Amino acid sequence: MSTIEDASMEHLLLRTLAAHSLDLIYAKDRNSRFVFVNAALANLFGCASTDEMLGKNDFDYHPESLASGYYRDDQSVIHSGEPVVDREEQIIHSGEERPRWFSTTKVPLKDEQGEVIGILGITRDISASRDSAARTQELNRELEERVARRTSELEQLAATLEKERQLMRTLIDTLPDNIYAKDRDSRFLLANHATTDGMGTNPEEIVGKDDFDYFPTSLAQQYYDDEQQVLRSGDPMLEQEEPTVDPATGRTRWLLTTKVPLRNQNDEIIGLVGIGRDISRRREAELALRQSESRFRSLTELSSDWYWEQNERGEFTELTDPNGKSGFEDSEIVGRGIADLPHCEPLNGSWAELDAAQREREPFRELEMRCTSPGQTPRFLSLSGLPVFEDDGTFIGYRGVGQDITARRQSEERVHFLATHDSLTELPNRFMFHELLEVAVKSAERHQRTMAVLFIDLDRFKNINDTLGHDAGDQLLQSIARRFTHGLRASDVVARLGGDEFVILLQDIHSEQDARLIAQKLIATAVEPVSILGQECRVTASIGICMYPTDAEDGQNLMKNADIAMYRAKEEGKNTYQFYSPSLQARSLERLDMENHLRRAVDQNELFLHYQAKRDLKTGAVAGVEALVRWQHPVLGVVSPGDFIPLAEETGLIVLIGRWVLRTACEQSAQWQKQGLLPVCISVNLSPRQFYDEHLISDIQQALDDSGLRPENLELEITESMVMQNTDRAIDILRGIKALGVRLAIDDFGVGYSSLAQIKRFPIDTLKVDGSFIRDIPANFEDKAITQAIIAMGKTLSLTVIAEGVETVEQESFLREHECDQSQGFYFSRPLVAEGFEELLKGKSDW
């Protein structure tokens, strides 16, 4: 056979294999139009032949959002020449109830000259393997639940003996065991509901029938053989594991079965009695444990509980600590009271308060202690105890549990640090700086001192960030932060407000000349080159200076005037500094003009809403939507919310705007439901002024009444800083909102100033993890740890946890792996106009 014939035969064989492969195989031209599809792909989309798809593209067969993703992948392969390998995705096809998982590989298709003329793609259905992984994950969750249940059961040791007996009796009475009796021919004489429910019948119909009427022949024969052995020998079959099949689902379950002979008065065997307990979950868990021995070991080590008992004198009599988590030996603790534990001191309350509680026979919970043994790092322990009484009421001591909470304390301290500091530079953040500035102003007023606030904006930073990427920009900010800090006195404060904005508080200076010299030093420091990713980068600094008390006498005006001066420095050519003076009011006049336009914006219908969807990370479906306000300025065009929202907040217009947003969002959500679209919870942000407005509750009720929207379909978002300004008042307002049936969420969680102890006081439903923690996941270890801690905190409080700013599949996969409930960001959906969101809802329902 000639070479040409060989090539032709090879081509024919390859094309035949592709055409009949169970995988989806296709080729596209440079415009992503199909030039070849195999039968598997054509059948998937209901095409009569493969030719029907030629010349068409993904937009002819998929929702626009999904097709756009495929198109971007195709073009990326074509233009870069780099393949996309094993990208996994979840799709619901028309006519199917459950989503299916696919793995796709796309490689460039080249001609004889090596030019890319299209792409070749292979997509494989991996639903079965994904389902298997999901089942393993479910087993892991069940194992965790089992550990949690065990911990809960052990905590019940503190209950009275009478309650323990009642609990055990209740558990025994409600065990869902299979109980039945059969004659010598293995026909049913009777059976309880647990037995018949598992066989798809009822106790009346099963009498006189046998297992062959309900189970596969091989399985029924196994039951029959075992029972005949019991009947012939008279020996019981004890706790034998045997399979059974659910006739409704076909799923195999496992029973731990005991079968004993049934005898009459003459001791003759007339049948048998069987008891079977469903141990499917236990077997699955044991299998998961064998397959994940390291995970089991980790979960076991995670249990930090130990158990103790005291006598009536408050002396420890017993310590049950198999894992050694307490850090104590029996000899160190037995015979001592809690206050006598070596090297320990209370963190909340005092030993006197504990002693008073025990004298009154009162329970105590979460008594936290710091234990510092010589030569060791401090440990933090938590003890909880309940008094124990005899039946006649005699007090006999305490029983309780203990935990090593060192890791939790360290996490809380870290979260507290990040709530008051910028996570990138570890400088004080905006909130912390304002707190420090207010204290400094009061001190300066009392001691008649001069201060200065320097507002700094880095010039050319955006260019470097856009050119070299966010990692380079982050390194640059860290380097500049270190320079600023090292060049100042210990009493001065350097803070990062966000982006490339820094602010410095110079305390106790003598004159403007001192501030001028420091500003010149900072400018010289900033301009020094920074080596990043092999590139020499330079930025300059524009600095605005406001003096206390000559230019302003409070923190807010010091910041505002320094900001005005900074913009003047930029107008002067950047890389310079400018002192504030009353002549720098041009910018304020511009802001006044914008304020006047903003006052008319609502009446003249210049405001409009965009809607950004939230994704349920378990199902992939739309789980909710956030309403985002926009402004169509008559001259400036669309104004960024970052430009007009602060102005609206400052002037009080935010209350009017917020009322309009609330009303419009409720009306739009109700309208979608009237159109037959799936109801989703719509979220609306509350500004600080709107939150504390005396008419807020009535505004919410009015919006719900006018729109007809159900309260549970509305969620209001607040920030940590809002509720921390006046905690008691905030709690009263939140309770008033909850009384309406409306959901509550804390937005931008993790960057405020709160703790678990404070958050649990608020009647909230949702935590939204701030996008600054999500941006560098999964590369940044700290961000991963903080995000996991916040998710765990939310789960502890039974809250829905939503991650903001999700832009990549890696970020979403990390969140899904750690059981975050929902995601929100550009990866799933950008903010859309109402019609666009309607299409998204319709598209999701068709997947």
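Owing to the predicted nature of the structure, the values given are computational and were not obtained by experimental measurement. Counting from 1, the numbers follow the sequence of the chain as shown.
- Closest approach of Ser823 and Glu812 over heavy atoms only: OG-OE2, 3.0 Å.
- Closest non-hydrogen pair, Ser683 versus Glu717, comes out as CB-OE2, 3.2 Å.
- Applying the disulfide bond (SG atoms under 2.5 Å apart) definition to pairs two or more places apart or across chains, none involves residues 373-433.
- For Arg449, the CZ atom sits in a packed shell: over 12 heavy atoms of surrounding residues, nucleotides or ligands are nearer than 6.0 Å.
- Residue pairs meeting the disulfide bond (SG atoms under 2.5 Å apart) criterion with at least one partner in residues 318-401, sequence neighbours excluded, are Cys344-Cys371.
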Exercise. Walk me through it: do Leu716 and Ile700 pass the test side chain to side chain contact (heavy atoms under 4.5 Å, CB included)?
Key: CA-CA 10 Å; Leu716 300 179; Ile700 298 170; 3.3 Å; yes
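- In this structure, Asp732 does not pair ionically with Arg729, as no charged nitrogen and carboxylate oxygen lie closer than 4.0 Å.
- Note on ring orientation: taking the six-membered ring where Trp is involved, the planes of Trp308 and Phe316 are perpendicular (angle over 60°, cut-offs 30° and 60°).
- Contact record, Leu427 with Ala481: CD1-CB, 3.7 Å, taken as the closest heavy-atom pair.
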Quiz item: Going through the checks in order, is the side chain to side chain contact (heavy atoms under 4.5 Å, CB included) test met by Phe328 and Asp321?
Solution: CA-CA 9 Å; Phe328 296 114; Asp321 184 15; over 6 Å; no
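- Residues Ile338 and Phe364 have side chains in contact (heavy-atom distance under 4.5 Å, counting atoms from C-beta outward).
- With rounding to the nearest 0.5 Å, the separation of CZ in Arg277 from CG in Asp177 is 4.5 Å.
- Atom CD of Glu239 sits in a sparse spot, with 12 or fewer heavy atoms from other residues, nucleotides or ligands closer than 6.0 Å.
- How far OG of Ser687 is from CG of Asp693: 9.0 Å, rounded to the nearest 0.5 Å.
- From Leu714, atom CG reaches atom CG of Leu740 across 9.5 Å, with rounding to the nearest 0.5 Å.
- Panel note: side chain Asn780, backbone Ile777; no donor-acceptor pair is recorded below 3.5 Å.
- Taking the six-membered ring where tryptophan is involved, the planes of Phe417 and His421 are essentially parallel, since the angle between them stays under 30° and well short of 60°.
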Quiz item: Arg361 and Glu312: salt bridge (charged side-chain N to carboxylate O under 4.0 Å, His left out), yes or no, with the steps?
Solution: CA-CA 10 Å; Arg361 313 299 188 235; Glu312 70 279 4; over 6 Å; no
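- The structure places CG of Leu418 at 7.5 Å from CD of Glu426, a figure rounded to the nearest 0.5 Å.
- Using a 4.5 Å heavy-atom cutoff, the side chains of Trp351 and Leu367 are in contact.
- Residue Leu767 is tested with Leu799, Asp747, Leu797, Asp821 for a side chain to side chain contact (heavy atoms under 4.5 Å, CB included); the sole match is Leu799.
- Side-chain contact between Leu696 and Leu686 is present, with heavy atoms from C-beta onward closer than 4.5 Å.
- With a 4.5 Å cut-off on side-chain heavy atoms, Leu704 and Val742 count as touching.
- Using a 4.0 Å cut-off between charged nitrogen and carboxylate oxygen, Asp404 and Arg409 do not count as a salt-bridge pair.
- Contact of the Asp422 side chain with the Met432 side chain is not registered, since no non-hydrogen atoms from C-beta on lie closer than 4.5 Å.
- For Asp355 and Arg359, the salt-bridge test passes: some basic side-chain N is under 4.0 Å from an acidic carboxylate O.
- Using a 4.5 Å heavy-atom cutoff, the side chains of Asp783 and Arg775 are not in contact.
- Residues Arg743 and Thr766 are in side-chain contact: their nearest non-hydrogen atoms beyond the backbone lie under 4.5 Å apart.
- Residues Ile682 and Leu709 meet the side-chain proximity criterion, which asks for heavy atoms closer than 4.5 Å.
- Minimum heavy-atom separation, Val806 to Leu815: CG2-CD1, 3.6 Å.
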Quiz item: Passes side chain to side chain contact (heavy atoms under 4.5 Å, CB included), Val401 versus Trp306? Steps please.
Solution: CA-CA 6 Å; Val401 295; Trp306 65 88; over 6 Å; no
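- Among all heavy-atom pairs drawn from Met451 and Asp508, the shortest one is CG-N, 4.2 Å.
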Exercise. Evaluate side chain to side chain contact (heavy atoms under 4.5 Å, CB included) for Ile774 paired with Glu804, printing each intermediate quantity in order.
Key: CA-CA 7 Å; Ile774 305 301; Glu804 300 180 286; 5.8 Å; no
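- Among Arg399, Gln358, Arg336, the one residue that satisfies the side chain to side chain donor-acceptor pair (under 3.5 Å) test with Gln310 is Gln358.
- The two residues Glu318 and Thr320 come nearest to each other via the heavy atoms OE2-OG1, 3.3 Å.
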Quiz item: Please walk me through it: do Lys768 and Glu626 pass salt bridge (charged side-chain N to carboxylate O under 4.0 Å, His left out)?
Solution: CA-CA 12 Å; Lys768 298 188 73 174; Glu626 182 176 359; 3.1 Å; yes
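- The neighbour count for Glu438 CD, taken as heavy atoms of other residues, nucleotides or ligands under 6.0 Å away, is above 12.
- For the atom pair CG of Leu744 and CZ of Phe762, the computed distance is 11.0 Å after rounding to the nearest 0.5 Å.
- Just one of His818, Glu819, Arg816 meets the side chain to side chain contact (heavy atoms under 4.5 Å, CB included) condition when paired with Leu617; it is Arg816.
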